[in-house]
Every structure is written in structure tokens, then in C-alpha cells.
Amino acid sequence: MSTPLQQRFRAWIAAPAYPWVTGGALTVGAVAELIAFPGSVTTTIGVLVSAASLMWRRSFPPVAVLTVAAGLLGFAGDVNLYASIMASGLIGCYTLGRNRVLHPALTVAGAALGALCVNLVHINTWSRMDLPVPALWEKGSLSLFAESFLLTVVIFGAVMMGDAVRSREETRNERNLAQAQLIAMERQQAAEAERAAIARELHDIVSHSVSMIAVQAESATYTTPGLPPEARDGFQQIAGTARSSMAELRRLLGVLRTPQGQKDMALTAPQPTLDHIAELVEQHRAVGGEVELRVTGERVSLPAAWELSAYRIIQEALTNARKHAPGARTVVEIGYGADRLLTLRIHDDGPGPGSGPGSGAGHGLTGMRERAALVGGRLSAGAGPDGGFWVEAELPWGTE
């Protein structure tokens, strides 16, 4: 584990200003060195270009080719090696390896060739300075190329260090990506396991109870002697509603038990739409509820998500009316606006919201709000101006 000092150092290196600060500082040092030890015009240009170009090494890594080339040119112009050239050249070689501007082998070979050219220029300079320079075919002439050999070794070390850092960072990024994918997979598996557990609970508890309601209501029409026709029709309505609920429950269980990538295949049965509202109203009346359906505007075919959300909102509102205001008169208003806005209003003349579960904090109202928000709409619920309970939703389905 890295220490706080190491973390601060890494953060400083990663800062956007780092190459500008270091490149600028090296350029200032190069200017000071040239003032103290003036060189030829070629050396001066090479030293300054090699140092100044490092300021762009992060935003444009190929500029390091110019850094190394200018450093070799500056060294070729003078037999003395400036410290600024040595520093900028090493940083340039490291940058080439770190960003893999070229393959490391090509980078080292190109720099070695440049070092050999510099060495040949120096050999020619030594001969013109009347220094004892043996001919290339004489004994001991290989020692003349020690300079290029040493430069090649240093260049090789700098390039390989940059390439090693690059490889280590890529390995770390791949490891982090693999860990993130593993965590996402584990979370998906946990979610699927949780959905499977919910499906089992629904199957074992809810579906059993609903199926029993259907069976008992169906059998009551045959086992109860002297049953009036109205009661017989009521039992049949209860059985039909229970069977419809079982069909939707089976579809829900199929979605819960299906893996995430195959959920669309599980929805083989058609989803309810606003065309089924009349049936929903009749079911409400069949169980003793009083409801009036009002539709304004011209019926338009909405996207499936909007149709399903509107149907479920009305269904839940009627369920809440039966649960919390039995016997109350309910009005369902559906408005198709010319401004591509679907409005839903469901209100009753019951006692209105109280302090119990029907006060607006139940799961039903939360689900209705979520369905409205899912299609970009909004929903409000609460006490009506004349009493009772109101649910109002606005579901925009597009723009002109």
C-alpha cells in the first residue's frame, strides 16, 4: 500500500500542469547553462528545442521524437554534453516508450543510429583538433565508438523503463476492468436470485390464494342450493377476475424467473391497454362499486409503455377506491389532449384520505407515481376540493 507521500507525488505527476512546469523548468535551466557555457548555434538551437518541446509531451507524445532528435543534434554540435541535453533526452526516450509512439525496437534502433551519427561527427571533430585519432581499420579504433555504445545503452534503458510503466498500467487497468465486470456479474446474479425468491413467494402464497378464490367462487355456483341468478353472476364475475389475475401473475412470475437478457421473450402475452378500460370498469361494477367513465378527445394509439402505465394507474386507483371507500361513487376521466398530453383523473366521493395506509404513503400510490415518471409524466394524489380522494396524472407522449 502506498504512503500518503507517494500518493501526493503521483497526484502531482498526474496533474495537467506537470509537463508544463517540468518542461519550463528544464528550459530555464538550459538557458542558464548556455549562458554559463556558450556553444555553437547548432548546439544552442538543439538544447533549447530539446528542452522546450517537453512541455507538449503529454498532450502530443510524438513531440518526443523532436526532443530526442534535437538533443542528439545539440550534442553533435559540441563535444561537451550539456546536462540539459542529457535530461531532456532521457525524458524524451521515456515518453516514447511510455506512450509507445513507435515500437520499442524501432525507437531504440532509430536512436542508436542517431547516436552513431553523433559519434562519427565527434570523431571528425577530434581529427580536426589534432587529437590522436586512429584510423577505422587500425587497432584500437573500436574504442572511438564507446560514446555511441554508451548512448545506446542509456537510450535503451529509458525506452524500456517507459514501456514497462505502460505495460504495468495497462495490466492494472485490465485487472480493474475485470474486477468491475466480476462485481457487476455478481450483482446481477444476486438480483436474479432475489427475483427468483420473490417469484417463489408469489407462487406459494399469492397465486395459491388467488387460485383458491377462483375455484371456490366457481364451485359456489353449483354447490349452493337456491342461489339467485344475481348471486350466481356475481360468483362468476369473481371467478373471472381471479382467473384474469392469475394470468397476469403467471406473466409476472415468468419475467421474474427469466434472466435479464431474455425478459422480452417472457412477455408473450399482450399487455393491457386503454382499450381494456371498459372491462376494468365492468369488473369494478361487478363487485358492487359505482363508477362512471368519461372520455374526452379523440382516441389515439399511444406507445405501449404509455398505454400500460395509464391502464395500471386507473386499475390501482379503482382498487384503492374499493379498499378505502367501499360504496363510494367513482369517476374515471380520460382526456386525449390536442397538445399530445394524456390526462387521467380518478376521484370518488368517499371520506377522503385518513391517517391510515390510505393517506398517500402506501405502495400503491408510490407505484402509480413511478409509472407516471417512467414515461416522463407526473402524478398527484390527495383530498379533493369537495371531499373524497383524487388521483390526477399527466402523461405527455411526444412533442410536435
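Given the structure is predicted, the values throughout are model-derived calculations rather than measurements.
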Give a yes or no on this: more than 12 heavy atoms of other residues, nucleotides or ligands lie within 6.0 Å of atom [atom1] of [X].
{"X": "Met161", "atom1": "CE", "answer": "no"}
{"X": "Glu298", "atom1": "CD", "answer": "no"}
{"X": "Arg285", "atom1": "CZ", "answer": "yes"}
{"X": "Arg294", "atom1": "CZ", "answer": "yes"}

Apply salt bridge (Lys or Arg N to Asp or Glu O under 4.0 Å) to [X] and list each qualifying residue two or more places apart in sequence or on a separate chain.
{"X": "Glu370", "result": "none"}
{"X": "Glu170", "result": "Arg166"}
{"X": "Arg329", "result": "Glu290, Glu292"}
{"X": "Arg187", "result": "none"}

Rounded at 0.5 Å granularity, tell me how far [atom1] in [X] sits from [atom2] in [Y].
{"X": "Thr273", "Y": "Tyr311", "atom1": "OG1", "atom2": "OH", "result": "9.0 Å"}
{"X": "Thr343", "Y": "Leu395", "atom1": "OG1", "atom2": "CG", "result": "8.5 Å"}
{"X": "Gln283", "Y": "Ile238", "atom1": "CD", "atom2": "CD1", "result": "12.0 Å"}
{"X": "Leu342", "Y": "Tyr336", "atom1": "CG", "atom2": "OH", "result": "6.0 Å"}
{"X": "Ser301", "Y": "Glu307", "atom1": "OG", "atom2": "CD", "result": "5.5 Å"}
{"X": "Arg175", "Y": "Leu177", "atom1": "CZ", "atom2": "CG", "result": "12.0 Å"}

Test side-chain contact (heavy atoms from CB on, under 4.5 Å) applied to Ile314 and Ile334, Val391, Thr319, the passing residue = Ile334

query = Parallel, tilted or perpendicular: which fits the ring planes of Trp56 and Trp20, with parallel below 30° and perpendicular above 60°?
reply = perpendicular

Taking [X] for the side chain and [Y] for the main chain, is one N or O donor matched with an acceptor at less than 3.5 Å?
{"X": "His284", "Y": "Thr330", "result": "no"}
{"X": "Asp348", "Y": "Phe389", "result": "yes"}
{"X": "Thr22", "Y": "Pro19", "result": "yes"}
{"X": "Thr43", "Y": "Gly39", "result": "no"}

Kindly state each residue pair satisfying salt bridge (Lys or Arg N to Asp or Glu O under 4.0 Å) with at least one member in [range], sequence neighbours excluded.
{"range": "residues 52-67", "answer": "none"}
{"range": "residues 97-119", "answer": "Arg98-Glu169, Arg100-Asp163"}
{"range": "residues 106-116", "answer": "none"}

Look at the side-chain heavy atoms of Ile, Leu, Val, Met, Phe, Trp and Tyr, link any pair under 4.5 Å apart, and say whether [X] and [Y] land in one connected group.
{"X": "Phe75", "Y": "Leu48", "result": "yes"}
{"X": "Val65", "Y": "Met160", "result": "no"}
{"X": "Leu365", "Y": "Trp390", "result": "no"}
{"X": "Val154", "Y": "Leu151", "result": "yes"}
{"X": "Val300", "Y": "Val295", "result": "yes"}

Exercise: identify the closest heavy-atom pair between [X] and [Y]:
{"X": "Ala76", "Y": "His122", "answer": "CA-NE2, 3.7 Å"}
{"X": "Val49", "Y": "Ala70", "answer": "CG1-CB, 3.8 Å"}
{"X": "Thr95", "Y": "Pro61", "answer": "CG2-O, 4.2 Å"}
{"X": "Gly92", "Y": "Ala64", "answer": "O-CB, 3.5 Å"}
{"X": "Ala87", "Y": "Leu26", "answer": "CB-CD1, 4.0 Å"}
{"X": "Ser40", "Y": "Gly77", "answer": "OG-O, 3.3 Å"}

Which residues share a side chain to side chain donor-acceptor pair (under 3.5 Å) with [X], sequence neighbours left out:
{"X": "Ser53", "result": "Thr67"}
{"X": "Ser380", "result": "none"}
{"X": "His103", "result": "none"}
{"X": "Ser148", "result": "Asn119"}

Non-hydrogen side-chain atoms of [X] and [Y] separated by less than 4.5 Å:
{"X": "Pro272", "Y": "Leu308", "value": "yes"}
{"X": "Tyr94", "Y": "Val159", "value": "no"}
{"X": "Arg312", "Y": "Met368", "value": "no"}
{"X": "Ile277", "Y": "Leu274", "value": "yes"}
{"X": "Glu394", "Y": "Leu341", "value": "yes"}
{"X": "Ile85", "Y": "Ser50", "value": "no"}
{"X": "Arg299", "Y": "Asp275", "value": "yes"}
{"X": "Met185", "Y": "Gln181", "value": "no"}

query = Does the pair Leu96 and Leu102 meet the rule for a side-chain contact (heavy atoms from CB on, under 4.5 Å), with working shown?
reply = CA-CA 7 Å; Leu96 291 175; Leu102 297 172; over 6 Å; no

key: Evaluation steps, side-chain contact (heavy atoms from CB on, under 4.5 Å), between Leu182 and Glu186   = CA-CA 6 Å; Leu182 179 60; Glu186 290 176 347; 3.8 Å; yes

query = What do the steps show when you test His347 against Glu333 for side-chain contact (heavy atoms from CB on, under 4.5 Å), and what is the final call?
reply = CA-CA 9 Å; His347 55 92; Glu333 299 180 19; 3.3 Å; yes

key: Partners passing side chain to side chain contact (heavy atoms under 4.5 Å, CB included) against Val21 (at least two apart in sequence or in another chain)   =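 Val21: side chain to side chain contact (heavy atoms under 4.5 Å, CB included) contacts with Ala17.
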
inquiry  = Does Cys93 form a side-chain contact (heavy atoms from CB on, under 4.5 Å) with Val68? I'd like the steps, not just the answer.
reply    = CA-CA 7 Å; Cys93 291; Val68 177; 3.9 Å; yes

